[in-house]
Amino acid sequence: MNPQVEPQNVLGTALVTCSCNPMTGWFRDGLCKTDPTDHGQHSVCCVVTEAFLTYSKAQGNDLSTPRPDFGFPGLKPGDNWCVCAPRWLEAFEDGMAPPVRLEATEASALGVISLDCLRSHAANPAP
């Protein structure tokens with residue numbers, strides 16, 4: 001019997017909930033945790049901004065329009081949301097990255113984005 005390993009955040013502690021309202025995460029459990037079936041790697045917990053929503057829509061991913069058929073209310077500025085690590089990095093490189101909640105960002109994001117980069121956009125900078 002294998003004990004369940006608790007997912008870790010980028011700070012090396014237990015991953016905390018990103019958002020349950022709206023419900024987010026690859027598993028729609030509020031956590032930005034991934035597995036090999038998550039090809040987008042939805043591991044970065046962001047506080048979405050109007051600029052990021054506009055940017056994401058221009059990139060072909062409309063996160064602001066409600067999609068009731070998928071149970072998606074549409075995001076508004078201030079909502080927390082699990083974003084794909086490569087998309088967040090792209091937004092960072094284009095100067096459009098939203099703030100990141102480090103304690104709710106899965107450690108797997110470090111395979112795509114450096115901790116220094118994430119810290120530079122921390123919603124609540126860690127000590």
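Keep in mind it's a predicted model, so treat the numbers as computed, not measured.
Residues Leu53 and Val47 are members of separate hydrophobic clusters, defined by side-chain heavy-atom contacts under 4.5 angstrom among Ile, Leu, Val, Met, Phe, Trp and Tyr.
Scanning all heavy atoms of the two residues, the minimum distance from Leu102 to Leu11 falls at CB-CD1, 4.0 Å. Across every non-hydrogen atom of Leu75 and Val48, the tightest pair is CD1-CG1, 4.2 Å.
With rounding to the nearest 0.5 angstrom, the CE atom of Met23 is 8.5 Å from the OG1 atom of Thr17. With rounding to the nearest 0.5 angstrom, the SG atom of Cys20 is 7.5 Å from the CG atom of Leu31. Atom CZ of Phe92 is separated from atom CG of Leu118 by 9.0 Å, given to the nearest 0.5 angstrom. Between Phe72 atom CZ and Thr65 atom OG1 the span is 8.5 Å, to the nearest 0.5 Å. Expressed to the nearest 0.5 Å, how far OG1 of Thr105 lies from CG of Leu15 amounts to 8.0 Å. Taken to the nearest 0.5 Å, the CD atom of Glu90 stands 4.5 Å off from the CD atom of Gln59.
For the pair Gln41 (side chain) and Pro86 (backbone), a donor-acceptor distance under 3.5 Å is absent. No side-chain donor-acceptor contact under 3.5 Å links Asn61 to the backbone of Ser56. Between the side chain of Asn9 and the backbone N or O of Glu106 there is no donor-acceptor pair closer than 3.5 Å. Remark: the backbone N or O of Glu50 is paired with a side-chain donor or acceptor of Thr54 at under 3.5 angstrom. At least one donor-acceptor pair closer than 3.5 Å links the side chain of Ser19 to the backbone N or O of Asn21.
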List the steps, then state whether side chain to side chain contact (heavy atoms under 4.5 Å, CB included) holds for Leu63 with Phe52. CA-CA 9 Å; Leu63 296 173; Phe52 178 73; 4.1 Å; yes

Could you please spell out the steps behind the side chain to side chain contact (heavy atoms under 4.5 Å, CB included) verdict for Val44 and Leu89? CA-CA 10 Å; Val44 181; Leu89 182 59; over 6 Å; no

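A salt bridge links Asp79 with Lys76: at least one charged nitrogen is closer than 4.0 Å to a carboxylate oxygen.
In this structure, Asp94 has no salt bridge (charged side-chain N to carboxylate O under 4.0 Å, His left out) partners at least two apart in sequence or on a different chain.
Between the side chains of Ser43 and Trp88, no donor-acceptor pair is found at a separation under 3.5 Å. Between the side chains of Asp116 and Ser114, not a single donor N or O lies within less than 3.5 Å of an accepting N or O.
The aromatic rings of Trp26 and His42 lie parallel to each other, their planes meeting at an angle below 30°, with 60° marking the opposite boundary.
Cys82 does not pair with Cys46 as a disulfide, the SG atoms being 2.5 Å or more apart.
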